[in-house]
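Comments concern the structure below.
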Amino acid sequence: MTANKVEVDVVVIGSGAGGGAAIQALGPLVHAGKKVLLLEKGPRFDHTQFSGQELDMAGTLYAAGGGFPTADRAITLAFAEGLGGSTLVYTGTSVRPPRRVIDGWKVPGLEYRDLVHRLARFERQNGVDFVPDAKINDNNRLFAEGCRKLGWTPEQFAVNLRGCRGSSLCNLGCPNGAKQGTAYVQIPMAERAGVEVVTRARVLRVAPAPAGPTGGQGGVLDVEVDGTPVPMGAPSTWAPGRWIVQAKDVIVACGAVHTPALLLRSGLGATLPALGRWWTCQPAHILVGEHDRPLTNAVGHPKSFLWEERIVEDRYFLEACMYFPFVTAKNLTGFGPEHERLLKAYERLQMILVLACDDALPDQRVAIDAAGDPVVHYRLTDATVTAMVKATRAAARIFFAAGAKAVHAPSARPTLLTRDEQDRIDERVHERHFHRGAVSVSAAHLMGGCRMGEDTATAVTTPLGQVHGVPWLHVADASLFRTALEINPYLTVMALAEHVADAVSRKHGVDPEAARA
Ligand SMILES: Cc1cc2nc3c(=O)[nH]c(=O)nc-3n(C[C@H](O)[C@H](O)[C@H](O)COP(=O)(O)OP(=O)(O)OC[C@H]3O[C@@H](n4cnc5c(N)ncnc54)[C@H](O)[C@@H]3O)c2cc1C
Ligand code: SF4
């Protein structure tokens, strides 16, 4: 059977924070007579079908049901597949990057001021605002109170919502269409501008266009459109089967796992020694504190406060959080009666997410297996374990200061700390109890693998996101990060992706700033 063929000027692969921001920025090219296409592997969803059922929705929206394992199976990685990418399931915590991190990247031409200018526009577009005091639930209030009682300063952050009904289901797909991810804001804007959006279209490989009378310019994509029925989500607008897409410029935005994997299976590893490497994920785990009374946690918006005073010195930060029963069960270390007792106390549990800032190291990397699928070789270093242990001690103090009677700490043996052990937290919570693989660690802030920079030994793309040595190929997602961001990344991903897309627009004769004015 012969493959269908399509020719466009620019194609974006992936529709998450990066791909969504890039495709919107490219909209004005259509007015200039160019053809622009977005290809997304997952389906287009109708949010009214989101059921809030934890296992069903995790299986529908997340890669590997939210439990994509690292090669040593010690960490599970969470990222989504569908129009909107991980913005379908993110919580919407909207924070600006620390200046010290962006300046520390030393990427020529990447100005902190310019990034902030860009992300401020996304903040306006995506309805970023603070949850009003009256709607802050017990879990968030207790986090802030606990910090203040210890003399620490909690910070309220903004979230991206329009018409939030406080159902707390953000990580299972907002059933109310309130969370303002790219599927609700940037992609519809691009479609209104005339961009074609094709879902259930997985890009298998990219290659240079063959030389010839009309060829030899740009790249060629081998695309597989999936026509198998799925329980949720619209069928593709393209016929199932193989498609060949030729484009003058190709922008890859498949996320920090799949972008390096796509470039590796396209054979680019031979000329790009940094491809897949310096990969980071801000490893995290959920801690619970048990109170005597029921708390509002599974209602209201799940996240409003963080504490990051130890970030520079001790490499961690803490956020108030809410997780569903299955994920909570997975995060509690151990089995048996104590595990069961805590889960039965679910409505009395306060929750805190501890996040470590891991170092970007060349051996932490995305590789591919014989089938070309991604394999993430990532090991928790001693420094990261120490950061997680320090974070756990701090979180335990917040729980007790907020009135919890017991705290479950995965890096303590036994894992349950009681109030009368408050003075012994440092001794009870310790690296010697943190057994890699036994302590449940997960990560959702996946970054790196196609770092930007000038030196081809340590970077995959130029400061403008063009793959070194391949003028028609660009990257516009979280894989561009040179180090972990030290905070929630989506706004920075969007700003960086727009920075890359603007360079592509200029190549095609469109001044992006003038088009946005
Ligand atoms: C549960 C969860 C909660 C989070 N909460 C927050 C938060 O509150 N605040 C915050 O700042 N960040 C949060 N994040 C992180 C944030 O969502 C990501 O950093 C961001 O979405 C990354 O953007 P991206 O474009 O790199 O990748 P993604 O958003 O993951 O998008 C990649 C897209 O590429 C598609 N794709 C992959 N391979 C192919 C292929 N071969 N062909 C076609 N398409 C392909 C995927 O299906 C996906 O749609 C959260 C993440 C998760 C998982
Ligand atoms: S809390 Fe708000 S944003 Fe989150 S799922 Fe419910 S309505 Fe949507």
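In this text the structure is predicted, and so the values were computed from the model without any measurement. One-based numbering, in listed order, for ligands and for the atoms of each.
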note = Out of Tyr490, Phe157, Tyr62, Phe481, the nearest non-hydrogen contact to atom 11 (O) of ligand 1 is supplied by Tyr490
inquiry  = Under 3.5 Å between any N/O of Leu491 and any N/O of ligand 1: does that happen in this structure?
reply    = no
remark   = Note: ligand 1 atoms sitting under 4.0 Å from heavy atoms of Ala253 are 32 (C), 33 (C), 34 (O)
message = On a heavy-atom basis, I'd like to know which of Ala476, Gly181, Cys170, Ser86 is closest to atom 17 (O) of ligand 1.
response = Ser86
query = N/O to N/O below 3.5 Å, does that happen between Asn171 and ligand 1?
reply = no
request  = Name the option, out of Gly19, Ala17, Cys254, that contains the heavy atom nearest to atom 22 (C) of ligand 1.
outcome  = Ala17
Proximity of Ser479 to ligand 1 by residue part, where a heavy atom lies under 4.0 Å = neither
key: Under 4.0 Å to a heavy atom of Ala478 - the qualifying atoms of ligand 1, by number   = 26 (O)
task = Would you mind listing every side-chain hydrogen bond (donor to acceptor under 3.5 Å, both in side chains) that reaches into residues 61-76, with sequence neighbours excluded?
result = Thr70-Asp72, Thr76-Lys330
task = Mind listing the protein N/O/S atoms less than 2.8 Å away from atom 4 (Fe) of ligand 2? Waters don't count.
result = Cys170 SG
message = Would Glu81 count as being in polar contact with ligand 1, using the rule that some N or O on each side must be under 3.5 angstrom apart?
response = no
task = Heavy-atom contacts with Gly92 under 4.0 Å: which atoms of ligand 1 show up? List them by number with element.
result = 7 (C), 8 (O)
Per-atom contacts, ligand 1 versus Arg202 - under 4.0 Å to a heavy atom = 41 (N), 42 (N)
ask   = If we only count heavy atoms from C-beta on, is the Asp502 to Arg516 side-chain gap below 4.5 Å?
value = yes
remark   = If we number the atoms of ligand 1 from 1 as shown, the ones under 4.0 Å from a heavy atom of Ala201 are 42 (N), 43 (C)
request  = Of all the heavy-atom pairs spanning His474 and Asp249, show the shortest one and how long it is.
outcome  = NE2-OD1, 2.7 Å
ask   = Near Ile13, which atoms of ligand 1 are under 4.0 Å from a heavy atom of that residue?
value = 42 (N), 43 (C)
remark   = Under 4.0 Å between heavy atoms, the region of Asn488 that gets near ligand 1 turns out to be both
